[in-house]
Amino acid sequence: MADVNAQKRQLRAAGVVPVLTIDRTEDAVPVAKALADGGLRVLEVTLRTACALDAIREISNSGLDVLVGAGTITCESDVGSALKYGAQFLVTPATPAFLLSELAAFPGLVVPGIATPTEALSLYDHGFDVVKFFPAEPYGGASTLKALSAPLPNISFMPTGGVSFEKLPSYLKLPNVAAAGGSWLATPADIQAGNWARITELAQEASDLVKSLRPG
Ligand code: 3PG
């Protein structure tokens, strides 16, 4: 059984979560290593490609010191598949009622997607206190999360969707942001081209920013 509180601490310490769309299984470990070399060790692999589950299994079995999760969980069977292939945490883009019982039974951290305060509070009532704010930028970005901090003080957010390096400081300065997610750190194009050095550089830049904005 995973220590969910420890995973929440890892998420906050990471500050940034690369969102990965992987088209070839053989790219999974090199991209995970490139990101870990740059200091980012919490990785979300989206279940949007035929090899996504295999990619999760490869990363999970690689011995790399990373936390690998499955994203784009959109149906109940995704939860069991993700667990079977070694996903340590789950992320959903949205959280309709039909997903709730499967998500609640997952033995690791679950970061369910929300876009409104009502959805956030409803999920909190179901026991989820870290939620993904998606799509973050179209739904008002950091200023929306700042506005939610007073009425929803016990909920932390992972904003994802339209987040860039330039926008990171506005999110990381908010106490109710656990971490920000985004695909800019390892784009599908950079993964396909095997641009591992560039991915490490982008990860390092983001992880340095996290350290400078959240010292200690
Ligand atoms: C996604 O699920 O696609 C993520 O939210 C990534 O969004 P981004 O590509 O805008 O970073």
Side-chain angles (χ1 to χ4, degrees), residues 1-20 28-29 31-33 35-36 38-47 52-53 55-73 78-95 99-114 120 123-134 136 145 152-160 163 168 171-172 174-183 185-186 203 206-207 210-211 213-214 216:
M1 193 78 164
D3 181 341
V4 174
N5 285 327
Q7 292 186 333
K8 286 180 193 172
R9 287 194 293 275
Q10 272 177 279
L11 182 68
R12 182 168 283 275
V16 173
V17 177
V19 175
L20 307 173
V29 173
V31 72
K33 181 174 185 313
L35 289 160
L40 297 183
R41 299 182 177 279
V42 179
L43 317 176
E44 173 187 334
V45 177
T46 63
L47 299 190
L53 288 167
I56 289 169
R57 188 193 50 213
E58 293 294 306
I59 296 170
S60 166
N61 290 340
S62 67
L64 288 170
D65 178 21
V66 297
L67 197 65
V68 60
T72 322
I73 298 284
D78 286 342
V79 176
S81 307
L83 181 63
K84 184 171 155 203
Y85 281 77
Q88 293 156 290
F89 68 95
L90 300 181
V91 183
T92 75
T95 318
L99 281 177
L100 283 176
S101 58
E102 284 293 317
L103 292 177
F106 185 76
L109 176 63
V110 175
V111 185
I114 62 99
L123 285 170
Y124 182 69
D125 185 51
H126 282 92
F128 301 101
D129 60 2
V130 183
V131 297
K132 164 166 161 158
F133 176 41
F134 178 80
L145 293 182
L152 303 178
N154 299 319
I155 303 179
S156 296
F157 296 87
M158 182 168 88
T160 313
V163 179
L168 257 189
Y171 288 107
L172 293 176
L174 299 176
N176 64 343
V177 167
S183 62
L185 299 137
S207 104
V210 173
K211 283 190 205 117
L213 291 172
R214 294 175 163 183

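Between G108 and A2, the closest heavy-atom pair is CA-CB, 4.1 Å. Closest approach of M158 to L11, counting heavy atoms only: SD-CD1, 4.1 Å. Shortest non-hydrogen contact noted between L99 and A94 is CD1-O, 3.9 Å. Annotation for V45 and A52: closest pair CG1-O, 3.9 Å, computed over non-hydrogen atoms. The minimum heavy-atom distance linking G86 with I56 is given by the pair C-CG2, 3.9 Å.
S183 pairs by the side chain to side chain donor-acceptor pair (under 3.5 Å) definition with nothing, not counting sequence neighbours. By the side chain to side chain contact (heavy atoms under 4.5 Å, CB included) test, S62 pairs with V29, L64, sequence neighbours left out. Partners of T160 by side chain to side chain donor-acceptor pair (under 3.5 Å), not counting sequence neighbours: none found. Under the rule for a side chain to side chain contact (heavy atoms under 4.5 Å, CB included), the partners of A14 that lie at least two apart in sequence or sit in another chain are V42. Partners of A82 by side chain to side chain contact (heavy atoms under 4.5 Å, CB included), not counting sequence neighbours, listed by chain and number: A70, I73, A87, L90. Annotation: side chain to side chain contact (heavy atoms under 4.5 Å, CB included) contacts of A28 (sequence neighbours excluded): I22, A55, E58, I59. The side chain to side chain donor-acceptor pair (under 3.5 Å) search around T72 returns R48, not counting sequence neighbours.
Residues V163 and Y171 have side chains in contact (heavy-atom distance under 4.5 Å, counting atoms from C-beta outward). Taking the side chain as every heavy atom from C-beta outward, F157 and V131 approach each other to under 4.5 Å. Residues F133 and I155 form no side-chain contact, since every pair of their non-hydrogen atoms from C-beta on lies 4.5 Å or further apart. Counting heavy atoms from C-beta on, the side chains of L185 and L20 never come closer than 4.5 Å.
Screening L67, V66, L83 against Q88 for a side-chain contact (heavy atoms from CB on, under 4.5 Å) leaves a single residue, L67.
Among residue pairs with one or both ends in residues 8-18, those qualifying as side-chain hydrogen bond (donor to acceptor under 3.5 Å, both in side chains) are K8-D129; sequence neighbours excluded.
A distance-only check finds a donor-acceptor pair linking the side chain of T95 to the backbone of G113 [under 3.5 Å]. At least one donor-acceptor pair closer than 3.5 Å links the side chain of Q7 to the backbone N or O of L109.
With rounding to the nearest 0.5 angstrom, the CD1 atom of I114 is 14.5 Å from the OH atom of Y124. Note that the OG1 atom of T92 and the CG atom of L47 stand 11.5 Å from one another [nearest 0.5 Å]. Here the NZ-CD distance, from K132 to E44, works out to 5.0 Å after rounding to the nearest 0.5 Å.
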Derivation and outcome, side chain to side chain contact (heavy atoms under 4.5 Å, CB included), residues V68 and Y85: CA-CA 11 Å; V68 60; Y85 281 77; over 6 Å; no
